[in-house]
Amino acid sequence: MKNVNERVNENKSSSYLTAALVCLVFCVGVFTSGCSRGVNNRLEVMIEMPDPGSLNFDNYKNIIYKDVALESIPKNFDPTGHLRAFFLEDLSRTLEKKIKHWNREEHSEMVPDGLALVTGKLKLDIKSRSKISEDKEEGKGKKKFITVQHWTMTFSLDIKDASTGKEIFKDTFTAKLANADPASVKFNFENLFYKVTSRFVNKVTRTKKMQRRHLLI
Amino acid sequence: MKIILIPLLIAAVLGACSSNKGVVKTELEFGNKLAKEGLWKEAHYRWTKVLENGKETGSIYNNIAIALENMGKFDEAEAAYKKALSLEPNNPTIQGNYDKFQKYLRNEDDSDDDKRGKNEKRKRKSKRK
């Protein structure tokens, strides 16, 4: 027969054992959760990133085109219409953003926040040269002097953030056309204008590149 | 009896705390799922909500930075990466992502990620067909 003291001691030791077990389970739980927090699980993802050289027009609610300055343009030809058509229609369509033409009365008091201003300079350099041309149609290869032109178009573009006055884009595009017919001014101009504007659009539009990153989960 | 009660009380308090963590965890996991599907704007929204709930970790800032990169918000992405690294300076994953991001900005990225990504995209499209 066990005496009362022994029984009390037994009860005490069993309660200590239970407490120790609970503490052990609790500590193991805390330890494992701590460990799982220390180790990060990664998830590989491919993201489509805009080219850093391209322009982000998402921050601009309004884009305004102010007629570019013209230099050395042939007297009987006015390219203003071509330029306006390119910026207000073609570029607007490409960027999926409405581009408005600068109007002093309407835009001079406009809030500059979220406003991008597009302007620049278009310069033509036309050099006339005489060239010997062989007329093969007449059979004997009759030679004659003709005048040809070498055209160089330099298109400098400048896009500014109206709120900060900071240039967000500035570049110059050049295209050349050799042995051009002096009578086809419009054709020559359009030929070069297409080249420079294509380069500009390629540079400005947001081409995307895939990049690999790791999310932490 | 007291000895048994103390750990149980601590466990109860921790359990109560974890109910808020549960909400955070749900938002976090939902954000990860959205990112997996390519819904980066929504994923970004979920992760910023986790931040609003007071859970600032390097992992969340890392994920937010990736979402911002995808949206073309490079300045904000840089700030998020810096914050992530300040919270977890020795995390190799965050550091790796940040290094790749900086290389990309400097146009020095020589990885085949673009080719690989485009191939994967093509495969996914052909599978769908």
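Residue-environment remark: NZ (A:K195) exceeds the threshold of 12 foreign heavy atoms within 6.0 Å. Other residues, nucleotides and ligands place more than 12 heavy atoms under 6.0 Å from the CD atom of A:E167. For CZ of A:F77, the number of neighbouring non-hydrogen atoms (other residues, nucleotides, ligands) closer than 6.0 Å is greater than 12. Around CD of A:E44, the count of heavy atoms belonging to other residues, nucleotides or ligands within 6.0 Å exceeds 12.
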Please report the C-alpha distance between A:V45 and B:W40 in whole Å, then the side-chain angles of each, then the deciding distance to 0.1 Å, and finally whether the side chain to side chain contact (heavy atoms under 4.5 Å, CB included) criterion is met. CA-CA 11 Å; A:V45 283; B:W40 289 97; 3.9 Å; yes

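Between A:L215 and B:N97 there is no side-chain heavy-atom pair separated by less than 4.5 Å.
For a residue to count as touching a neighbouring chain, one of its non-hydrogen atoms must lie under 4.5 Å from one of that chain's; by this rule A:L43 touches chain B with the side chain only. For B:N63, the parts lying near chain A are the backbone and the side chain together; criterion is any non-hydrogen pair under 4.5 Å.
A:L216 contributes atom CG, which lies 7.0 Å from atom CD of B:E88 (distance to the nearest 0.5 angstrom). How far CZ of A:R212 is from NZ of B:K100: 4.5 Å, rounded to the nearest 0.5 Å. Note that CZ of A:R213 and OH of B:Y104 are 9.0 Å apart. Values are rounded to the nearest 0.5 Å. Rounding to the nearest 0.5 angstrom, the gap separating the OG1 atom in B:T93 from the CG atom in A:N41 is 10.0 Å. If you take CZ on A:R42 and CG on B:N91, they are separated by 9.0 Å, rounding to the nearest 0.5 Å.
The nearest pair of heavy atoms linking A:P50 to B:G72 is CG-CA, 3.6 Å.
For B:N70 (side chain) and A:E48 (main-chain N/O), a donor-acceptor pair under 3.5 Å exists by modelled atom type.
A search for side-chain contact (heavy atoms from CB on, under 4.5 Å) contacts involving B:K33 returns nothing, not counting sequence neighbours.
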